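Naming convention: chains lettered A, B, ... in sequence-line order (proteins, then strands); numbering from 1 in each chain. Given the structure is predicted, the values throughout are model-derived calculations rather than measurements.
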Amino acid sequence: MTLSGIRRTAAAGLVLCLAAVTSREQLTRPRRPAGALDPLPLIVERYEQLQVDLPSRGVVCYLSDVDPRTEQGSAAYYLAEYSLAPLVLRIGTDCEATVGSFADPGKAPSLLERNGLEATRQYDAGLMLLRRKR
Amino acid sequence: MTSALLLFWPLLIGFFLTRALAARCGFLLGICFGAGLGVGVVSCCFFLDRETGVPSLLFEALVLAASMAACRRKRQASPPHDTIPVAWWLMAAFVVVVAGALYSFQQQVSQYRLGSWDAWAIWNLHARFLATPAWRDLFSEAIGWTHPDYPLLIPGFIARVWTLQAHREFATPAALAFLFTFGTIGLLGTSVSQLRGRAQGILAALFLAATPYFIAQGASEIADVPLSFFILATVSSLACRQAALAGVCAGMAAWTKNEGLLLIAVLLAVRGWRKQGAWFIAGLAPVLAIVLFFRFTLATSNYYFGGRPAGEMLSLLTDPDRWRVTGAGLFRYAGWFGGLAAYLGLAGVDTKTHRFTLLTGFATLCLVLAGYCAVCVLTPGDIHWQIDTALERLLLQLWPATLFLAFLAARNPWYDAPQGNA
């Protein structure tokens with residue numbers, strides 16, 4: 001075999017190896033277990049319950065028992081913003097309305113007390129609509 | 001399904017605009033260019049709609065009508081078809097790789113219906129604002145973490161479709177991601193085919209489809225793959241001496257991500273003085289005007305450059321340790337370039353036929369990469385985190401255009417490919 005023939009065969013081999021290796025990688029990449037649901041759309045649906053009781057635009061506050069500076073807390077806050085957009089959610093409690101999101105609803109009463117808030121409505125899964133105590 | 005149907009309208013606009021700007025562009029190449037260009041045009045029109053109150057459809061219809069009229073006047077023969085048959089094993093390998101890529105893409109978008117973190121926390125969140133009359137609230141300081149300074153090509157298009165659908169389907173961003181991911185593979189294949197023959201085009205497309213990270217990033221619904229589309233479109237249209245089309249594509253790159261502005265600056269520095277520079281600027285100007293209007297009237301300050309003293313940035317830029325960390329990151333993430341280098345080593349390269357294109361193309365990509373590295377060095381946060389989360393995506397933005405130039409230069413070891421359709 002000539003030098004150009006060897007190079008030609010090696011180049012073909014390289015292309016075929018590349019095709020085989022990447023196809024195997026694409027087909028065998030770890031997947032979510034069968035039957036396991038993507039949790040994010042469910043969270044978005046949860047927040048959609050609040051939309052009827054909130055203004056269609058403007059700024060409302062956001063309070064949670066998970067620190068928004070942690071990865072879990074910031075993910076929860078960002079998802080709340082995503083779900084309720086175009087409403088702007090600001091972390092704090094000094095707005096006319098506050099969205100409360102509690103991973104552990106048992107912690108809600110003390111947190112509300114400390115911030116001078118009361119629940120005007122409660123929804124599923126630790127979600128509450130809050131306002132300042134009168 | 002509705003999302004898929006709604007993609008035909010931008011495809012139509014993009015196809016005729018491409019044919020109007022590049023009269024010798026073949027049908028398939030027109031479709032591939034048109035896919036991305038049409039999305040960009042619709043997004044720009046939607047932004048004008050939001051700003052002026054004039055319906056987006058009117059702007060879109062005007063662009064389509066003007067493009068169709070220009071096509072009728074400028075019609076020229078398409079480049080001759082390459083009649084050399086493609087080896088069965090190459091075709092089979094291509095089909096297997098693309099099938100694997102399609103399967104992988106479908107799996108990812110069906111398992112992560114909101115896309116990746118950046119997709120829902122940035123791009124699709126922006127679209128949720130833009131689709132409503134309260135869209136200006138996106139630029140509120142309270143949600144500065146969502147990077148309101150990012151340009152609006154992706155969110156603008158998604159919002160346009162959502163306003164037509166009257167609700168916010170998760171499938172719309174996924175359909176757009178599909179269009180850009182496989183549109184980029186198609187654009188690479190057809191543009192290399194036009195200059196170097198079908199076999200070479202299939203090889204180039206195979207290399208891109210066989211980059212699992214490219215497919216994964218495409219399916220994650222963020223803007224890096226769309227930006228890679230426009231960088232490739234710019235470089236390939238310059239190679240075909242279609243400067244006006246290249247200008248529009250470069251403008252769309254800047255409307256996709258801020259990195260596109262760097263591409264424009266580099267292109268003007270590398271090629272601006274050439275005879276076709278005026279055509280490039282003519283194509284660029286309308287889109288760039290929209291980008292600059294957005295930057296100066298709406299966009300908030302940039303995470304990297306906003307309000308930082310020049311002295312601080314200079315001291316970071318001259319810190320050798322930060323450059324060393326960035327350089328190490330480049331080597332860590334540039335694994336795919338190794339496979340390409342091995343192939344080029346075996347196939348050999350011919351740098352004479354497209355000498356000017358290769359020289360200016362590689363110079364452009366190298367300077368853009370240097371700019372990306374400088375931004376990593378300048379990051380106000382932890383540089384290791386920056387390298388770990390951003391550098392591989394930045395390299396990916398340049399990967400399709402690198403493959404284009406590499407396969408323009410590569411000898412085809414199995415065929416005597418036709419040359420010089422440019």
**Q** Are there over 12 heavy-atom neighbours, none belonging to A/Glu96, within less than 6.0 Å of that residue's CD?
**A**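 12 or below, so no.
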
**Q** Using a cut-off of under 4.5 Å on heavy-atom pairs, state which of A/Ser56, A/Gly58, A/Cys17, A/Ala19 scores highest against chain B.
**A**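 Top option by heavy-atom pairs under 4.5 Å: A/Ala19.
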
**Q** From B/Trp145 CH2 over to A/Ile91 CD1, what is the distance, rounded to the nearest 0.5 angstrom?
**A**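 It is 9.0 Å, given to the nearest 0.5 Å.
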
**Q** Between B/Phe170 and chain A, which part of the residue has a heavy atom less than 4.5 Å away: side chain, backbone, both or neither?
**A**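 Answer is side chain: those atoms of B/Phe170 sit under 4.5 Å from chain A.
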
**Q** Relative to chain B, which segment of A/Val44 carries a heavy atom at a distance below 4.5 Å: side chain, backbone, both, or neither?
**A**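 The answer is the side chain of A/Val44.
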
**Q** If you count heavy-atom pairs under 4.5 Å between each of B/Ala101, B/Pro212, B/Ala92 and chain A, which one has the most?
**A**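 Result: the option with the highest number of such pairs is B/Pro212.
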
**Q** Identify which of B/Gly345, B/Gly100, B/Ala216 forms the greatest number of heavy-atom pairs closer than 4.5 Å to chain A.
**A**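 Greatest number of close heavy-atom pairs with chain A: B/Gly100.
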
**Q** Step through the shown structure and confirm whether more than 12 heavy atoms of other residues, nucleotides or ligands are within 6.0 Å of CD on A/Glu113.
**A**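 Counting other residues, nucleotides and ligands, CD of A/Glu113 stays at 12 neighbours or fewer.
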
**Q** Rounded at 0.5 Å granularity, tell me how far OH in B/Tyr343 sits from CG in A/Leu18.
**A**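 Result: 11.0 Å between the selected atoms.
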
**Q** Apply side-chain contact (heavy atoms from CB on, under 4.5 Å) to residues B/Thr211 and A/Thr22 and explain how you reach the verdict.
**A** CA-CA 7 Å; B/Thr211 311; A/Thr22 55; over 6 Å; no

**Q** Nearest 0.5 Å, please: how far is CD in B/Glu141 from CZ in A/Arg90?
**A**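 These two atoms lie 11.0 Å from each other.
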
**Q** Apply ring-ring contact (aromatic ring centres under 6.0 Å, His included) to B/Phe94 and list each qualifying residue two or more places apart in sequence or on a separate chain.
**A**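 Residues passing ring-ring contact (aromatic ring centres under 6.0 Å, His included) with B/Phe94: none at all.
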
**Q** Using the test ring-ring contact (aromatic ring centres under 6.0 Å, His included), find all partners of B/Phe129 that sit at least two apart in sequence or belong to another chain.
**A**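 Scan of B/Phe129 (ring-ring contact (aromatic ring centres under 6.0 Å, His included), adjacent residues dropped) gives none.
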
**Q** Heavy-atom distances under 4.5 Å only: say whether A/Glu81 touches chain B with side chain, backbone, both or neither.
**A**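 Both the backbone and the side chain of A/Glu81 come within 4.5 Å of chain B.
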
**Q** Which one wins on heavy-atom pair count under 4.5 Å against chain A: B/Trp120, B/Trp117, B/Tyr103?
**A**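 If we count pairs closer than 4.5 Å to chain A, B/Trp120 comes out on top.
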
**Q** Just give me the residue among B/Ile143, B/Val96, B/Leu114, B/Val97 that pairs up with chain A most often, heavy atom to heavy atom, under 4.5 Å.
**A**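 Counting heavy-atom pairs under 4.5 Å, the top option is B/Leu114.
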
**Q** Please report the C-alpha distance between B/Thr132 and A/Arg57 in whole Å, then the side-chain angles of each, then the deciding distance to 0.1 Å, and finally whether the side-chain contact (heavy atoms from CB on, under 4.5 Å) criterion is met.
**A** CA-CA 9 Å; B/Thr132 71; A/Arg57 62 186 297 179; over 6 Å; no

**Q** With a 4.5 Å cut-off on heavy-atom pairs, point out which of B/Ser110, B/Ser104, B/Ala99 contacts chain A the most.
**A**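 Of B/Ser110, B/Ser104, B/Ala99, B/Ser104 has the most heavy-atom pairs under 4.5 Å with chain A.
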
**Q** In terms of heavy-atom proximity below 4.5 Å to chain A, should B/Leu130 be classed as side chain, backbone, both, or neither?
**A**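 Contact with chain A involves no heavy atom of B/Leu130 at all.
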
**Q** Non-hydrogen atoms of chain B under 4.5 Å away: do they reach the side chain of A/Leu16, the backbone, both or neither?
**A**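 Side chain only.
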
**Q** Are there more than 12 heavy atoms of other residues, nucleotides or ligands under 6.0 Å from atom CZ of A/Arg24?
**A**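 No, the 6.0 Å shell around CZ holds no more than 12 heavy atoms from other groups.
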
**Q** I'd like to verify something: which residue of A/Gly92, A/Ser23, A/Ala20 has the highest number of heavy-atom pairs under 4.5 Å with chain B?
**A**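 Top option by heavy-atom pairs under 4.5 Å: A/Ser23.
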
**Q** Is there any residue in residues 71-80 of chain A with a non-hydrogen atom under 4.5 Å from a non-hydrogen atom of chain B, and which ones are they?
**A**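 Answer by number: A/Glu71, A/Ser74, A/Ala75, A/Tyr77, A/Tyr78, A/Leu79.
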
**Q** Counting a contact as any heavy-atom pair under 4.5 Å apart, which residues of residues 82-89 of chain A contact chain B?
**A**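 So the qualifying residues are A/Tyr82, A/Ser83, A/Ala85, A/Pro86, A/Leu87, A/Val88, A/Leu89.
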
